[in-house]
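All remarks here apply to the structure that follows.
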Amino acid sequence: MIKRAIFSGTRLKADFHSPINFSTASSTGQPFQSLANLPTCIASLQECAHHKNLTRGKQLHSYMFINGFLYSPLSTTSLINMYSKCNRIADALSVFNASTHDQNVFAYNAIIAGFIANELPKPAFEFYCRMRFAGVVPDKFTFPSVTKACSDILEVLEVRKIHGLLFKFGLEFDLFIGSALVHSYLKFALMEEAQEVFEELPVRDVVLWNAMINGHAQIGQFDMALEVFRGMGEDGVVPSRFTVTGVLSVFSVLGDLNNGKAMHGFVVKMGYDSGVAVLNALIDMYGKCKCVVDALEIFDMMDEKDIVSWNSIICVHEQCGDHDGTLELFDRMLNAGVQPDLVTITTVLPACSHLAALMHGREIHGYMIINGLGKDSYDVYVNNAIMDLYAKCGCMREAHLVFDKMSYKDVASWNIMIMGYGMHGFGNDALDMFSRMIEAQLKPDEVTFVGVLSACSHAGIVSQGHEFLAQMQLKYGVVPTIEHYTCVIDMLGRAGQLEEAYKLVSSMPIEANPVVWRAFLAACRLHGNEPLAEVAAQQIFELEPEHCGSYVLMSNVYGAVGRYEEVLEVRDIMRQQNVRKTPGCSWIELGNGVHVFVTGDRTHPEDYFIYAGLNSLTARVSEHGFVPDV
DNA sequence: CTATTGACTA
């Protein structure tokens, strides 16, 4: 029953006919004249597997068929292996089903490994079950693949079962199985179990050390990863390319440029700088350490770039806030004929969101839909990125559509919706989202409350905003940070409760920063409270004397109350200290391009029409009673 | 006489 249920689907294509063309042997039979015996055939098949030479592999298959070399355990295994390595798992399955597999552990090992190599962990595990069910005794070649399969399908219980079985079969000291077990346990963050397996093994090779180092690195145990790395050195084991990539990822997260550079030196010394993965890890490390130039240098030098190389260099630019650079590189990638994947898209979308380049973002969303990316994978990252794009661009209806379709939502998904509604003035929708989030049993984080509080601020929901600040720590265990206080001060200020806001600035448990003071100052000016405005401006001036904005603020505050002598004084200090006001700029997306406007810049090709339009707009706005603050 | 383990990007 179990067999039928699981394998009925695969049986269909499993009949040993067709994808393999037997006529080739007679037509091109010549090259095989010398292959008089089975070992020679098997050696040739291994060559084919290694070089992914499917054509010659098929020819060998037919030759072996004609000469009666099939149906031996050896030929079966080699053929399955060859087809698997050539990514022809269906053909591998045909060979398996044609063999007398029920007595053959070799065939099972080969087909299980074949599924793993073709990233099909579920069928791999099912074949292991089928093997046990048929009474075939697994050996030391079975367990590494099966352990990997179990961890890939997130069956931690099965990993434990295999661990137990090892003692029964006397395989507990096998290095291959041990490495796979360490890897699997660490994937589930079971550090004690991994440690136990590691320590039980009498001999430790570089693969086992790497499983420990990289496993800890991937679950965020960076100190532990580095400690194991040191242990490996003390043990006299020479780091391999796999060690290097794992350790570099740790230096990358920690922003440890010195050790990263040292590792780069080691890479060159060992000649590891010819591998793509190592170079990708170096790009990432330099990028995270803010050395964009070094990252680019490595990227440009690489003659063999893969999708990870492109994603890494794009990510380097995006994380440095260079959104234009991100989109430029994305364009270069497409022109180079490299297909973007989910990682590319989740990296590029925030650049579109930040530039409010809605059309670019929409195009990418369209690309995803057409290519079925993110359709069967319920990738919360990419869906969040799309929601954020629409939310930041003010398309809340579209953002909500994506949100509703997501089968799995995390805190960020809710935060994006709350922030989006709040940002565009729909305070009540934002608060509604927050209640629904609580109902859905999600635990709000500090970002949630920034969204909630800024929503209250923009919609003028003062009393509730106050309430949230008071309750966030008590009820939800989130300690208010300076950002939260800024939101509330901004909210009180906008509502004209300046005294209240000032009281909060002076009484909050955190030191006020220029952002807080600027929010407060803006409120003072809005409500014409000059004395408090001067206090705020003074504070900003003291905290950031080198910032051009501080001078402008001071001079504006004095200007507003007619203290022109002080205005001149401030301007004088600016001139003396050579402080320049950075020009303001804004941008708009039109058709295929983003048009940037800088204050005082009249170099746009359609300058005349733009300013004519602008003047008529200004006139219409004034007609409606708007008086600009000059 | 086969075969099996470990890596980089959001």
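Numbered from 1 within each chain, the chains take letters A, B, ... in sequence-line order.
- When heavy atoms are screened at a 4.0 angstrom cut-off, A:Ser312 is found touching the sugar-phosphate backbone but no base atom.
- Taking the ring centre of A:Phe176 as origin, the terminal cationic atom of A:Lys140 falls outside the region bounded by 6.0 Å and 45° from the ring axis.
- Applying the 3.5 Å distance criterion, the base of B:dA10 shares no donor-acceptor pair with the side chain of A:Thr347.
- The pair A:Asp322-A:Lys290 does not count as a salt bridge, with every side-chain nitrogen at least 4.0 angstrom from each carboxylate oxygen.
- For A:Cys315, the side-chain atoms get nearest to B:dA10 when compared with the rest of B:dA10, B:dT5, B:dC8.
- Remark: ring of A:Phe141 not stacked against base of B:dT4; the cut-offs of centroid gap under 5.5 Å and plane tilt under 30° are not jointly satisfied.
- For A:Phe403 and A:Trp414, the ring centers are positioned less than 6.0 Å apart.
- Counting non-hydrogen atoms under 4.0 angstrom, A:Lys140 reaches a base of the nucleic acid.
- Contacts of A:Lys187 with the nucleic acid, taken as non-hydrogen atoms under 4.0 Å apart, are absent.
- Distance CG (A:Leu208) to P (B:dA7): 13 Å, rounded to an integer number of Å.
- Of the candidate nucleotides B:dA10, B:dA3, B:dT4, B:dA3 has the atom lying nearest to any side-chain atom of A:Asn109.
- Listed nucleotides B:dA10, B:dT9, B:dA3 differ in distance to A:Thr346; the shortest reach to its side chain belongs to B:dA10.
- Less than 6.0 angstrom separates the ring centroid of A:Phe96 from the ring centroid of A:Phe127.
- Counting only heavy atoms from C-beta on, A:Phe242 has its side chain closest to B:dG6 among B:dG6, B:dA3, B:dT9.
- Closest approach to the A:Phe106 side chain among B:dA7, B:dT5, B:dT2 is made by B:dT2 (side chain taken as heavy atoms from C-beta onward).
- As judged by a 4.0 angstrom heavy-atom cut-off over every strand, A:Gln46 is placed among residues touching the sugar-phosphate backbone only.
- Among the nucleotides B:dT9, B:dG6, B:dC8, the one closest to any side-chain atom of A:Gln218 is B:dC8.
- Comparing B:dA7, B:dT9, B:dG6 by their nearest atom to the side chain of A:Asn210 picks out B:dG6.
- Set against B:dC8, B:dC1, B:dT5, the side chain of A:Ile42 has B:dC1 as its closest nucleotide.
- If you measure from atom CD1 of A:Ile386 to atom C1' of B:dA10, you get 13 Å, rounded to the nearest angstrom.
- Contact annotation for A:Thr243: no contact, since no heavy-atom pair falls under 4.0 Å across all strands.
- Of all nucleotides listed (B:dT4, B:dT9, B:dG6), B:dT9 comes nearest to the side chain of A:Lys288.
- The side chain of A:Ala281 approaches B:dC8 more closely than any other nucleotide in the set B:dC8, B:dA3, B:dG6.
- A:Gly178 approaches A:Val197 most closely through the heavy-atom pair O-CG1, 3.8 Å.
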